[in-house]
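Naming: A, B, ... by sequence-line order, numbering from 1 per chain.
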Amino acid sequence: MHYYTDLILILDSTVRLAIPLILACLAGLYSERAGIVDIGLEGKLLGAAFGAAAMSAVTGSPWLGLLAGIGVALGMSGIHGLASINLKGNQIISGVALNFLAAGLTTFLGQSWFHRGGFTPQLSQSQRFGPISLPYADQVKDVPILGGLYSELISGHNILAYVAFIAVPVTAWVLFSTRFGLRLRAVGENPKALDTAGMSVTLLRYQALIITAVLVGIGGTYLSIAQSAGFNNNMSAGRGYIALAALIFAKWKPWPALATCLLFGFLDALQFRLQGIQFPVIGEVPVQAIQVLPYILTVVLLAGFIGRAVAPKAAGQPYTKER
Amino acid sequence: MSARVPLPRWVDVALLPVLNVMLAFLIGGIVVMLVGQNPLDAVGIMIYGAFGYGSGFGYTLYYTTDFIFAGLAVSLAYQAGLFNIGPEGQAYVAGLGVILVALALNGLPWLVTVPAMIVAGGLFGAAWAFIPGYLQAKRGSHIVITTILFNFIAVSMMGYIISKHLKPDGVNSDESAPIDAISRVPQLNVFWDLFKHSPVNISFILALLALVGVYWLVWRTKFGFAMRVLGQNPTAARYAGISNSRMIMITMALAGAMAGMVAVNNVGGVQGRLILNFVSGAGFVGVAVAFMGKGHPFGVALSALLFGALYQGGQELAFSMPGITREMIVTIQALVILFTGAMGDMLRPPLERVFFKPPDNSSAEGG
């Protein structure tokens with residue numbers, strides 16, 4: 001029974017750690033499926049986290065915080081769109097710039113607004129998104145096996161976490177069963193065909209970027225006012241890049257994206273649990289060895305040793321109508 | 001719409017980049033105003049801090065050294081059409097090569113140790129960049145993604161090596177044993193009193209040589225020609241009998257070696273030991289430097305100096321202006337990348353209108 005409780009706890013933190021990854025990964029999925037490479041996910045997560053925490057600290061409302069988080073992400077997506085859709089600039093450079101912009105501005109503005117060395121004020125319970133108890137979670141807690149599963153693992157997360165999980169089937173449906181999804185995938189594979197059919201490549205790509213911004217904005221908000229009680233410097237800590245790696249690992253598909261993010265979240269959770277534990281033969285597993293696994297797995301995949309990751313064909317290329 | 005009229009060359013290579021940088025600074029100035037400070041005062045303090053006195057200037061040149069190497073690591077690869085976002089990791093791993101050689105030869109005079117550190121740092125940096133180069137050339141993995149991933153792999157790997165293997169007993173912070181003073185890269189203040197308390201060292205001279213060397217390699221040798229052909233038209237390169245995959249691997253290794261010199265400057269010179277995360281963003285500044293400098297060594301030199309001055313001046317600013325932190329510099333760096341890199345052509349259409357000359361109808365050739 002002891003191992004079972006342990007397992008539930010690890011799975012529970014897996015879910016918590018995977019949520020920002022899922023949101024950022026799905027965000028990247030919309031954008032890259034539409035042909036816009038988004039290295040800037042990291043910066044958008046960070047910017048949104050700051051926007052949400054700052055707004056919630058000032059107004060006291062987590063919902064306004066969520067709006068601010070999405071707003072920041074929308075603004076950054078707007079810059080990305082302007083650079084990569086209208087000005088036909090290099091999408092990778094634009095993404096790199098956005099990451100720096102978020103890293104610099106969040107700390108700079110945080111310091112000059114709140115004077116706490118880049119931290120936002122500590123948020124109280126009412127300024128955050130608290131856990132939601134699903135019906136009967138308390139009553140079934142003592143039911144063996146299933147009770148713990150329900151009350152610990154499935155119940156007790158906050159609203160944003162459930163949004164992340166709902167976003168997966170919704171994305172799969174939008175992408176593969178709607179007209180919009182078909183067009184979205186087409187604009188990332190062959191924008192010229194859409195243009196010839198009389199649809200606007202620019203409009204479709206901007207629509208994708210808006211969805212991207214909303215999802216990654218929720219992800220950033222989750223980081224600062226749901227998972228933690230405030231913003232701190234560089235709190236996205238590479239999650240945007242991990243999400244990008246997960247997206248490649250999942251071959252730009254929503255359900256595999258969920259699985260990959262859960263796997264990466266599990267590795268993250270494991271890393272905390274394994275600290276200081278001695279194993280027979282190998283001894284203590286260094287934290288770094290587990291930290292590095294998502295990156296190594298992605299490199300191995302990219303190198304084509306386990307399957308092949310083929311990006312949307314037009315990803316990264318600005319579309320120019322023929323003159 | 002008619003075909004575009006090319007801009008005069010000086011507008012393309014000088015005016016446009018300068019206008020883009022000014023735009024970046026203008027927006028940076030607006031941000032400074034938003035937090036209630038006078039941007040002109042800020043510029044004054046930064047210029048004084050970066051150039052106004054000997055050791056301030058020395059610090060500027062110390063930062064410039066790092067940025068020249070990192071900038072060259074990005075621009076060298078870019079000439080071959082490869083986007084190397086990995087100088088941060090390449091420099092970090094090169095630190096391992098530098099410290100291993102330096103500790104092995106510890107106690108010997110710098111004339112012996114410094115060349116060894118340069119070779120070791122270059123080799124380790126080259127090896128770390130070679131792997132993404134190999135994966136791009138032979139397995140078709142996208143170099144941008146792999147170099148980013150390799151930055152993270154470097155962080156974990158080096159963190160493990162430093163904290164578990166290089167850290168001497170009884171030391172609390174994560175760093176290696178120190179190199180003896182006589183074996184370190186000598187500081188310029190030994191030769192020149194002007195730079196009294198600043199860490200600028202012989203690596204700066206090495207950086208200047210590297211600028212000339214890269215210019216010579218890219219524009220004056222057969223290898224450099226092949227590199228540029230590959231960058232501009234891989235299909236043409238293949239038809240001309242150039243082995244693209246070989247070129248990609250060699251170019252990435254050279255770029256990594258350049259990034260490795262950041263470790264010579266810091267590990268071998270300034271800190272005299274291998275400290276956790278010693279690169280602290282210099283590799284990423286290289287991306288900004290390379291794009292601002294349009295990938296040319298002369299441009300890289302100028303933009304590295306600008307960023308060196310920004311970093312040193314920014315320190316000064318953080319001391320003397322309340323509400324301004326060092327991160328303002330990161331913001332300006334971001335704006336520079338955005339306006340000179342991603343939005344570099346934003347001002348092109350208006351400039352084309354200004355410099356457009358109607359075709360001369362009297363001449364047979366026309367425009």
Side-chain angles (χ1 to χ4, degrees), chain A residues 37 39 43 79-80 82-84 86-113 115 117-118 233 238 241-242 244-245 248 286-296 298-299 301-305 308-311 316 323, chain B residues 1-4 31 34-37 83 85 131-132 134-135 138-142 144-146 148-153 155-161 163-164 281 284-285 287-288 291 322-346 348:
Chain A
V37 170
I39 304 271
I79 298 175
H80 194 50
L82 183 68
S84 50
N86 299 82
L87 296 170
K88 306 184 197 324
N90 186 320
Q91 300 170 7
I92 291 160
I93 304 175
S94 165
V96 169
L98 286 176
N99 289 341
F100 280 122
L101 195 64
L105 270 186
T106 51
T107 315
F108 175 63
L109 291 179
Q111 173 62 20
S112 44
W113 288 347
H115 309 288
N233 284 337
Y241 292 115
I242 296 239
L244 211 59
I248 298 166
V287 246
Q288 289 93 349
I290 303 169
Q291 266 170 9
V292 84
L293 264 179
Y295 303 112
I296 294 199
T298 310
V299 169
L301 176 86
L302 276 173
F305 293 120
R308 198 118 192 88
V310 183
R323 299 169 178 280
Chain B
M1 193 180 154
S2 65
R4 280 184 158 172
V31 175
L34 281 179
V35 300
Q37 294 286 353
F83 197 169
I85 317 198
I131 309 171
Y134 166 82
L135 292 173
K138 299 286 186 191
R139 317 281 320 181
S141 330
H142 202 302
V144 173
I145 306 288
T146 40
I148 291 178
L149 295 171
F150 268 69
N151 285 338
F152 285 100
I153 299 175
V155 168
S156 292
M157 185 183 83
M158 294 295 290
Y160 173 72
I161 293 174
S163 62
K164 288 278 153 41
F284 290 120
V285 181
V287 179
F291 280 100
I324 303 265
T325 58
R326 265 199 68 189
E327 279 70 25
M328 189 57 221
I329 306 305
V330 181
T331 309
I332 294 196
Q333 183 184 323
L335 293 167
V336 168
I337 302 179
L338 195 63
F339 285 110
T340 62
M343 299 188 175
D345 287 336
M346 186 164 55
R348 197 175 281 273

Starting at [atom1] of [X], measure out to [atom2] of [Y] and round the result to the nearest 0.5 Å.
| X | Y | atom1 | atom2 | answer |
| --- | --- | --- | --- | --- |
| B:Ile337 | A:Leu101 | CD1 | CG | 10.0 Å |
| B:Phe83 | A:Ile92 | CZ | CD1 | 6.5 Å |
| A:Phe100 | B:Leu335 | CZ | CG | 12.0 Å |
| B:Met328 | A:Thr107 | CE | OG1 | 12.0 Å |
| B:Met158 | A:Gln288 | CE | CD | 11.5 Å |
| B:Met343 | A:Ser94 | CE | OG | 6.0 Å |

For [X] and [Y], work out which heavy atoms get closest and say how close.
| X | Y | answer |
| --- | --- | --- |
| B:Thr331 | A:Leu105 | OG1-N, 3.4 Å |
| A:Asn90 | B:Ala342 | O-CB, 3.9 Å |
| A:Ala97 | B:Ala334 | O-CB, 3.4 Å |
| B:Leu135 | A:Ala303 | CD2-CB, 3.5 Å |

Side chain from CB out, backbone as N, CA, C, O: work out which of these in A:Leu98 comes under 4.5 Å of a heavy atom of chain B, or both, or neither.
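Neither part.
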A:Ile242 versus chain B, heavy atoms under 4.5 Å apart: side chain, backbone, both or neither?
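Neither part.
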Give me the ring orientation class for B:Phe152 and A:Tyr295: parallel if the planes are under 30° apart, tilted from 30 to 60°, perpendicular past 60°.
parallel
Find out whether B:Leu149 and A:Tyr241 are in side-chain contact, i.e. whether some heavy atom of one side chain is under 4.5 Å from a heavy atom of the other.
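Not touching, per the 4.5 Å side-chain cut-off.
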Side-chain heavy-atom pair A:Ile39, B:Ile148 within 4.5 angstrom cut-off:
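Yes; the side chains approach each other to less than 4.5 Å.
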Greatest number of non-hydrogen atom pairs under 4.5 angstrom with chain A, of B:Ile131, B:Ile332, B:Leu338, falls to B:Leu338
Proximal component of [X], with respect to chain A [non-hydrogen, under 4.5 Å]:
| X | result |
| --- | --- |
| B:Phe150 | side chain |
| B:Ile153 | both |
| B:Ile85 | side chain |

Intermediate values then yes/no, side chain to side chain contact (heavy atoms under 4.5 Å, CB included), B:Phe284 and A:Asn99:
CA-CA 11 Å; B:Phe284 290 120; A:Asn99 289 341; over 6 Å; no
Does atom NZ of B:Lys138 have more than 12 heavy-atom neighbours, drawn from other residues, nucleotides or ligands, at distances under 6.0 Å?
no
